[in-house]
S.K.: 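Before anything else, here's the structure in question.
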Amino acid sequence: MPAESTPESGHRRKPRSKRRKALVIAAWFAAGVFVLGGTGLGYVYFNLNDNIKSVDIDQALGTDRPLDVDNGSQDILVLGSDTRSGSNKELGGGTDDGSARSDTAMVVHVYEGHKKASVVSIPRDTLVPRPACTDSEGAEHDAASLAMFNSAYSTGGAACAVKTVESMTGIRMDHYVEVDFSGFQKLIDELGGVEVTTTKDISDKESHLDLEAGTHRLTGKQALGLVRTRHGVGDGSDLGRIQLQQAFIKALVEQVKDVGVLTSPKKLYDLADTATKTVTTDSDLASVKDLASFANGLKGIGSSQMNMVTLPVQYDPADGNRVLVEKDKAAQVWEALRNDRPIPKSATKGTASGDAKGVVTS
């Protein structure tokens, strides 16, 4: 059955649309939320609470959701929204059409004991069934038999994105976290940059990135360029970009460990202020106290305890700009997470992948 028509489907993307790329929301999540945990910011909690935007996912979706399994694990949908308005327009390019897109999506599964996690990246161009849903404003949206994954967010916002992921996985999302371009860039700058090593030159005019092979301390602008670059290295695919994003996340998670030893109250406050101003969460995480409590439970997870994979897919024979879910292999991924087990290597063996693995290391 043909895919639902979207502004970017049915033809090869124009160069301008290629600039609407992903920021690493999971990296922000690690930096911004982890910073709030254990940094002694209790005296400013009330001042920061008003910064946080939230969405009541439970009210929007009602009871038609997967079983809420209480086994000590947690599942979080982490999205990067690519709105074209305000400061994001300057950073992301494109036209300010009043819309927003979820150009990065990751399901983060924190295992019982909160000592390790699996992160599953969902390519934005994956063709999936999109269920009917009700958004946070109460508007109803019809189902689509086959649509780009990121159309769920552009159609019905956070609630419809969560609904689509739960339909795909059979896993109830315990939490939702979202951030935008400008917040990501500013947060990296306030962290003092992130050190990475590139094994190849990376040059991409569209993402404004030019790095020679070697070790670099990336500014916020460079970091944003790296996680958005698609044509600067590798095969130019979205799957390759996901490989760069995952490598950057690991580098950032390692660096964030040092934030807790900072002694400047102003530095810590500025980090928390930026984080809370740019985050959108589910209503259960809508206060600094709740974010800090949640983050404190994740502080033991370093990059070596994070298993990062991409949803098993193959390129669509009818359109090389789209990918199709490898259903049997994807079922292995979701079954493992539902049962709080490691993702088997067989689940991703032989699936489509990019050509940027190993280009960025920490």
S.K.: Can you confirm whether N71 sits close enough to E112 that some side-chain heavy atom of one is under 4.5 Å from a side-chain heavy atom of the other?
M.R.: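 Answer no - side chains too far apart.
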S.K.: So which heavy atom on A356 is nearest to which on G240, and how close?
M.R.: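 That closest heavy-atom pairing would be CB-O, 3.5 Å.
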S.K.: Could you check K163 against D64 for salt bridge (charged side-chain N to carboxylate O under 4.0 Å, His left out), going step by step and ending with a plain yes or no?
M.R.: CA-CA 9 Å; K163 183 76 170 181; D64 185 18; 3.3 Å; yes
S.K.: Using every non-hydrogen atom in the two residues, find where R228 and R241 come nearest and quote the distance to one decimal.
M.R.: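 So the two residues come closest at O-CD, 3.3 Å.
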S.K.: On a heavy-atom basis, which atom in D174 and which in D282 lie closest, and how many Å separate them?
M.R.: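 Closest pair (atom of D174, atom of D282, distance): O-OD2, 4.2 Å.
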S.K.: Can you check whether D273's main-chain N or O pairs, donor with acceptor, with T276's side chain at less than 3.5 Å?
M.R.: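 Flag set: sc T276 to bb D273 pair under 3.5 Å.
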S.K.: Report yes if the side chains of P317 and L324 come closer than 4.5 Å at any heavy-atom pair, otherwise no.
M.R.: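 The answer is yes, as the side chains (C-beta and beyond) meet within the 4.5 Å cut-off.
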S.K.: Is the closest side-chain heavy-atom distance between L252 and I188 below 4.5 Å?
M.R.: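 L252 reaches I188 side chain to side chain.
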S.K.: Show your reasoning for whether side chain to side chain donor-acceptor pair (under 3.5 Å) applies to Q246 and S121.
M.R.: CA-CA 9 Å; Q246 292 176 343; S121 297; 3.0 Å; yes
S.K.: Can any side-chain N or O of K221 pair as donor or acceptor with the backbone N or O of H208 at less than 3.5 Å?
M.R.: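 Not at all, since once roles are kept as given, no pair shorter than 3.5 Å links the two residues.
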S.K.: Per the salt bridge (Lys or Arg N to Asp or Glu O under 4.0 Å) rule, which among D58, D70, D75 passes with R172?
M.R.: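 Option passing the salt bridge (Lys or Arg N to Asp or Glu O under 4.0 Å) with R172: D58.
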S.K.: Rounded to the nearest 0.5 Å, how far apart are CG of L226 and CG of L211?
M.R.: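 Reported value, rounded in 0.5 Å steps: 7.0 Å.
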S.K.: Can a donor-acceptor pair be found between the side chains of T215 and T197 at a distance below 3.5 Å?
M.R.: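 Yes.
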S.K.: Between H216 and T198, which heavy-atom pair has the shortest distance, and what is it?
M.R.: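 Looks like NE2-OG1, 3.5 Å.
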S.K.: Indicate yes or no for a side-chain donor-acceptor contact from S293 to the backbone of K289 under 3.5 Å, with no hydrogens or angles considered.
M.R.: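 A pair under 3.5 Å: no.
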S.K.: Is it true that atom NZ of K357 has more than 12 heavy atoms of other residues, nucleotides or ligands lying nearer than 6.0 Å?
M.R.: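 Open.
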S.K.: Going through the distances and angles, do I343 and L337 end up as a side chain to side chain contact (heavy atoms under 4.5 Å, CB included)?
M.R.: CA-CA 7 Å; I343 297 171; L337 299 190; 3.9 Å; yes
S.K.: At their closest point, which heavy atom of A159 faces which heavy atom of S136, and how far apart are they?
M.R.: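 Closest approach of A159 to S136, heavy atoms only: CB-N, 4.2 Å.
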S.K.: Where do V227 and L244 land on the side chain to side chain contact (heavy atoms under 4.5 Å, CB included) test, with the steps shown first?
M.R.: CA-CA 6 Å; V227 302; L244 295 176; over 6 Å; no
S.K.: Report yes or no: does S167 contribute a side-chain atom to a donor-acceptor pair with the main-chain N or O of T164 at less than 3.5 Å?
M.R.: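 No, the answer is negative, given that no donor and acceptor are paired below the 3.5 Å cut-off.
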S.K.: Which distance, rounded to the nearest 0.5 Å, do you find between the CG of L79 and the CG of N150?
M.R.: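 Reported value, rounded in 0.5 Å steps: 10.0 Å.
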S.K.: Side chain to side chain contact (heavy atoms under 4.5 Å, CB included) for M173 and V165? Distances and angles first, verdict last.
M.R.: CA-CA 8 Å; M173 296 295 107; V165 169; 4.1 Å; yes
S.K.: Would you call N307 and K116 a side-chain contact if the rule is heavy atoms closer than 4.5 Å?
M.R.: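 N307 does not reach K116 side chain to side chain.
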S.K.: Could you state the interatomic distance from CZ (R322) to CG (D238), rounded to the nearest 0.5 Å?
M.R.: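 Rounded to the nearest 0.5 Å, the CZ-CG separation comes out at 10.0 Å.
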S.K.: Could you tell me whether a side-chain N or O of E190 sits under 3.5 Å from a main-chain N or O of L187, the two making a donor and an acceptor?
M.R.: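 Side chain of E190 to backbone of L187: no pair is present.
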S.K.: Can you see which heavy atom on P312 is nearest to which on K329, and at what distance?
M.R.: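 Closest approach of P312 to K329: CB-CB, 3.7 Å.
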S.K.: What's the separation between atom CG in L218 and atom CG in D189, rounded to the nearest 0.5 Å?
M.R.: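 Reported to 0.5 Å precision, the distance equals 10.5 Å.
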S.K.: Answer yes or no: is there a donor N or O on one side and an acceptor on the other, between the side chain of E254 and the main chain of S304, under 3.5 Å?
M.R.: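 Answer holds: no.
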S.K.: From L311 CG over to F149 CZ, what is the distance, rounded to the nearest 0.5 angstrom?
M.R.: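 Result: 9.0 Å between the selected atoms.
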S.K.: State whether the side chain of E195 and the backbone N or O of R217 hold a donor-acceptor pair below 3.5 Å, judged by distance alone.
M.R.: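 Between the backbone of R217 and the side chain of E195 there is no qualifying donor-acceptor contact (under 3.5 Å).
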S.K.: To the closest 0.5 Å, what do you measure between OG (S118) and CZ (R341)?
M.R.: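 Rounded to the nearest 0.5 Å, the OG-CZ separation comes out at 12.0 Å.
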S.K.: Could you verify whether a donor N or O on one side chain and an acceptor N or O on the other, from T351 and E326, lie under 3.5 Å apart?
M.R.: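 Short answer, no.
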S.K.: So do F294 and I76 actually touch side chain to side chain, heavy atoms under 4.5 Å?
M.R.: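 They are in contact (side-chain heavy atoms under 4.5 Å apart), so the answer is yes.
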S.K.: Ignoring hydrogens and angles, tell me if any N or O in the side chain of D210 forms a donor-acceptor pair with the backbone of S203 under 3.5 Å.
M.R.: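 No, because the side chain of D210 does not come within donor-acceptor range (under 3.5 Å) of the backbone of S203.
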S.K.: Do the side chain of H175 and the main chain of V78 share a donor and acceptor less than 3.5 angstrom apart?
M.R.: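 No, because the side chain of H175 does not come within donor-acceptor range (under 3.5 Å) of the backbone of V78.
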S.K.: Quick one: does I249's side chain get under 4.5 Å of M106's, heavy atoms only?
M.R.: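 The answer is yes; the side chains approach within 4.5 Å.
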S.K.: Between Q243 and V359, is there a side-chain heavy-atom distance shorter than 4.5 Å?
M.R.: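 Counting from C-beta outward, V359 and Q243 never come under 4.5 Å.
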S.K.: Whether K186 and D270 form a salt bridge (side-chain N of Lys/Arg under 4.0 Å from carboxylate O of Asp/Glu) is what I want to check.
M.R.: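 Looking at K186 together with D270, the answer is no, because their closest N to O distance does not fall below 4.0 Å.
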S.K.: Just wondering, do V279 and I52 contact through their side chains at under 4.5 Å, heavy atoms?
M.R.: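 They are in side-chain contact.
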S.K.: How about D68: does its CG atom have over 12 heavy atoms from other parts shown lying under 6.0 Å from it?
M.R.: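 Yes, enclosed.
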S.K.: Please check if V69 and I171 belong to a single hydrophobic cluster, counting links between Ile, Leu, Val, Met, Phe, Trp and Tyr side chain heavy atoms closer than 4.5 Å.
M.R.: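 No: no chain of side-chain contacts under 4.5 Å links V69 to I171.
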S.K.: V360 and V233: side chain to side chain contact (heavy atoms under 4.5 Å, CB included), yes or no, with the steps?
M.R.: CA-CA 11 Å; V360 173; V233 69; over 6 Å; no
S.K.: For A213, is there any backbone N or O sitting under 3.5 Å from a side-chain donor or acceptor partner on D201?
M.R.: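 Present.
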